[in-house]
Amino acid sequence: MIALRRVLRDTDPREVHARAVDGTAAERRVRPMRFRASRQAQWDMEERSGHASLATPPAAAFEGWDGSIAGARALQARLSARVSLQDDAASPPRVIAGFDVGFEDGGETTRAAAVLLDADSGQVLHARIARLPTSMPYVPGLLSFRELPALLEALAQLPLRPDLAFVDGQGIAHPRRLGIAAHFGVVAGLPCIGVAKKILAGTPDGELPDVRGARVPLRHRGEQVGWLLRSKPRCLPLVVSPGHRVSMETAVEMTMRQVGRYRLPEPTRQADALASRRPGATLL
DNA sequence: GCGACAG
DNA sequence: ATCTTGTCGC
């Protein structure tokens, strides 16, 4: 944490971001960022108290991380070895969960939503929201370092653990096979599936028919890392990939099974509504 | 070196 | 992700 904090403090955040993303070409087309103020406020707070306090993520999630961008990537490579693609979930799962993250105060606060539903009826059983000060900028490929702490906090607030969790983002369909859903699954020890709206890494293996339920493998460096799933006709396909303790096949099956009349499966749709404060949310 | 890049 | 109005299609 210290190293990254120094890097961010001693350099213009926009430069750090550009360098982290691709190192060269992007250095010239720096993108606007709005978390400079929030970072500054946090540093001030941390320096007064002498430690990172709330910004410190659960130890197990980032154990061994030196706080650097390179260190984050190295940790992902290490943790990805712990991902299991063996179907482990209670079959059929009775209680499933949806997780998503949103931001407040122009990005200063990270808000995570966790929703528990009955796998069969789709009935919302419980819903919780957790808030933590934002501690990381968004860096493609390192999303979990920004959103995982809040997600784990929301999970901790649930009255019971789900048999299967759906997380907004990639599972193993990631450059180092550790998208936020896989990171979350490994750290929490939960069967988990990643449901993203866009591809991060990989290429669709063929054309995707515009028919509900149609799917095509997503492959990266010669291996299948997930699927492109047409959850609804005339809608952009979802990017589904196993996160942890779920097989490639089960990942799509379970996801499609939870899709109702909307594009997103019910668990993530509910979590999305809560996290982004959109109507249609059920708070219990 | 260039372009792509979850939320 | 977030900032925002209208608009096309089922």
Whole-Å distance between [N] [atom2] and [X] [atom1]?
X	N	atom1	atom2	answer
A/D272	C/dT2	CG	P	9 Å
A/H174	B/dA4	NE2	C1'	14 Å
A/R212	C/dC10	CZ	P	18 Å
A/W227	B/dA6	CH2	P	23 Å
A/L236	B/dA6	CG	P	14 Å
A/F145	C/dA1	CZ	P	21 Å
A/R261	C/dG9	CZ	P	19 Å

Give [X] one of three labels, base, sugar-phosphate or nothing, depending on what nucleic acid heavy atoms sit under 4.0 Å from its own.
X	value
A/G194	nothing
A/G179	base
A/I199	sugar-phosphate

Does a side-chain N or O from A/R234 land closer than 4.0 Å to OP1 or OP2 of C/dC10, or not?
->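 Looking at the OP1 and OP2 atoms of C/dC10, one of them is under 4.0 Å from a side-chain N or O of A/R234.
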
Distance below 4.0 Å between A/K232 side-chain N/O and C/dC10 OP1 or OP2 | no

Quick one: pull up NZ in A/K197 and CG in A/D168 and give me the separation to the nearest 0.5 Å.
-> 3.5 Å

Looking at CZ of A/R234 and CG of A/D210, how far apart are the two atoms once the value is rounded to the nearest 0.5 Å?
->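 Going from the CZ atom of A/R234 to the CG atom of A/D210 covers 7.5 Å.
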
Determine if A/Y138 stacks with B/dG7; use a centre-to-centre distance below 5.5 Å and an interplanar angle below 30° as the criteria.
-> yes

Checking A/V101, A/T134, A/T110 against A/R146 for side chain to side chain contact (heavy atoms under 4.5 Å, CB included), the one that qualifies is A/T134

Taking the side chain of A/R111 as its heavy atoms from C-beta onward, which of C/dT2, B/dG7, B/dA6 lies nearest to it?
->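 Nucleotide nearest to A/R111's side chain: C/dT2.
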
Kindly assign one of parallel, tilted or perpendicular to the pair A/F184 and A/F99, based on the angle between their ring planes and the thresholds 30° and 60°.
-> tilted

